[in-house]
Amino acid sequence: MDGIVVLISGRGSNMRSIVDAGLPVVAVVSNRADAAGLEYARSRGIPAEIVEHRAYASREAFDDALAAAIERYAPRLVAMAGFMRILTPSFVGRFSDRLMNVHPSLLPAFPGLHTHEAALAAGVKVHGATVHFATPALDHGPIVVQAAVPVLPGDDAGRLADRVLAQEHVIYPRAIRWFLAGRLAISGGVVHLAGAREAQYLFAPAEPVPE
Ligand code: NHR
Ligand code: GAR
């Protein structure tokens, strides 16, 4: 009963980092039939299912079908990894305190979509990624771990996204390992790591500033 169900919508590189870290992924579920990540999961012998949001008349109906697909695996954790559909409060309630997400910004800055464009437009010099527990309020759940990366001269959204993504691949498997080891406790909306010798933050290694 240690299994993880990973929810994806596309490329699935975060899902791959979780699988490659040796974590017990029991199924991958996508809301899009063309998600590239599905093939990788199947190539590793992991059941990969499609629950297409477009086939359902309402968010509630989609979320019910998604929850049913997940519950067949009785997972201990549901990990959103590039999953692009907002989930209803009733879905989130069903998986409360065992639904995680990786978001490509240093929350609470830049919730929602297009975070790298927003960070560049705001002129921030430090950006990053956050692993958090999901709550009904989008991108506002308790923070497990964050990674900071520099915004460098000449960055565009693509370069910045690549730099952030490399850190997502480091912090998400780490957060999941902590969760499965029973080391995460949420109190008052704050996540505490038991027996912490490791930090709940990470600074990306320095890289040369482009000319
Ligand atoms: N659901 C809840 N309740 N709480 C969170 O914190 C959630 C969530 C669902 C997804 C991921 C999130 C992100 O990391 C996430 C966190 C999709 C959208 C979005 O606007 C926003 C944030 C996130 C995921 N989706 C559009 C929608 O109408 C569809 C966009 C598309 O299909 O391309 O659902 O950033
Ligand atoms: C990742 O950067 C993830 O943080 C982000 O999309 C990318 C998915 O990449 N998630 C969101 O923007 C959620 N709204 P991946 O499919 O290769 O893991």
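Just follow the structure's listing: the first ligand is 1, and inside any ligand the first atom is 1. Residue numbers run from 1 in the order of the sequence given. Keep in mind that this is a model prediction, so the values were computed, not measured.
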- Query: atom 11 (C) of ligand 2: which of R85, M15, M84, R11 has the nearest heavy atom?
  - Reply: M84
- Query: Has L165 got any heavy atom lying under 4.0 angstrom from an atom of ligand 2?
  - Reply: yes
- Taking non-hydrogen atoms only, is L113 closer than 4.0 angstrom to ligand 2 via side chain, backbone, both or neither? side chain
- Query: Is it true that D64 and R94 have a side-chain N and a carboxylate O under 4.0 angstrom from each other?
  - Reply: yes
- Query: Of all the atoms in ligand 1, which lie at a distance below 4.0 Å from a heavy atom belonging to N101?
  - Reply: 11 (C), 12 (C), 13 (C), 14 (O), 15 (C), 16 (C)
- Message: Whether the S105 and H103 side chains hold a donor-acceptor pair (N or O, under 3.5 Å, no angle test) is what I'd like checked.
- Response: yes
- Query: Which of the atoms of ligand 2 are close to E168, meaning less than 4.0 Å from one of its heavy atoms?
  - Reply: 1 (C), 2 (O), 3 (C), 4 (O)
- Message: When you compare the side chains of Q200 and W178, does any donor N or O come within less than 3.5 Å of an acceptor on the partner?
- Response: no
- Query: Heavy-atom contacts under 4.0 Å between T115 and ligand 1: side chain, backbone, both, or neither?
  - Reply: neither
- Task: Please could you name the atoms of ligand 1 that V92 approaches to less than 4.0 Å, counting only its heavy atoms?
- Result: 3 (N)
- Other residues, nucleotides, ligands: >12 heavy atoms within 6.0 Å of E52 CD: yes
- Task: Nearest heavy atom to atom 10 (N) of ligand 2 wins, so pick from S9, P111, G82, G37.
- Result: G82
- Under 4.0 Å between heavy atoms, the region of T135 that gets near ligand 1 turns out to be backbone
- Side chains of Y40 and D20: donor-acceptor distance under 3.5 Å anywhere? yes
- For ligand 1, which atoms, with element, lie under 4.0 Å from some heavy atom of G112? 35 (O)
- Message: Below the 3.5 angstrom mark, is there an N/O of H103, backbone or side chain, next to an N/O of ligand 2?
- Response: no
- Message: Quick test of your reading of the structure: of H140, H103, M84, whose heavy atom lies closest to atom 33 (O) of ligand 1?
- Response: M84
- Decide whether an N or O pair under 3.5 Å exists between R32 and ligand 1. no
- Here the atoms of ligand 2 under 4.0 Å from any heavy atom belonging to S13 are 15 (P), 16 (O), 17 (O), 18 (O)
- Task: Show which atoms of ligand 2 fall inside a sub-4.0 Å distance from at least one heavy-atom site of P104.
- Result: 4 (O), 5 (C), 10 (N), 11 (C), 12 (O)
- Query: Rounded to the nearest 0.5 Å, how far does CG of N14 lie from NE2 of H169?
  - Reply: 4.0 Å
- Note on the structure: Logged contact type for R59 with ligand 1, heavy-atom cut-off 4.0 Å, is side chain
- Query: Got a sec: does the NE2 of H192 have more than 12 other heavy atoms crowding it under 6.0 Å?
  - Reply: yes
- Message: Please evaluate residues D155 and R163 with respect to the criterion salt bridge (charged side-chain N to carboxylate O under 4.0 Å, His left out), reporting the C-alpha separation (whole Å), side-chain torsions for both, the decisive distance (0.1 Å), and the verdict.
- Response: CA-CA 10 Å; D155 269 353; R163 192 175 307 122; 2.7 Å; yes
- Which ligand 1 atoms are under 4.0 Å away from a heavy-atom of H132? 6 (O)
- Query: Hey, are H116 and H127 close enough side-chain-wise for a donor-acceptor pair under 3.5 Å?
  - Reply: yes
- Task: Verify salt bridge (charged side-chain N to carboxylate O under 4.0 Å, His left out) between R44 and E39, making sure each step is shown before the conclusion.
- Result: CA-CA 9 Å; R44 299 294 308 265; E39 277 172 48; over 6 Å; no
- Before signing off on this row, confirm whether L87 and ligand 1 have an N or O atom pair separated by under 3.5 Å. yes
- Query: Near V102, which atoms of ligand 1 are under 4.0 Å from a heavy atom of that residue?
  - Reply: 14 (O)
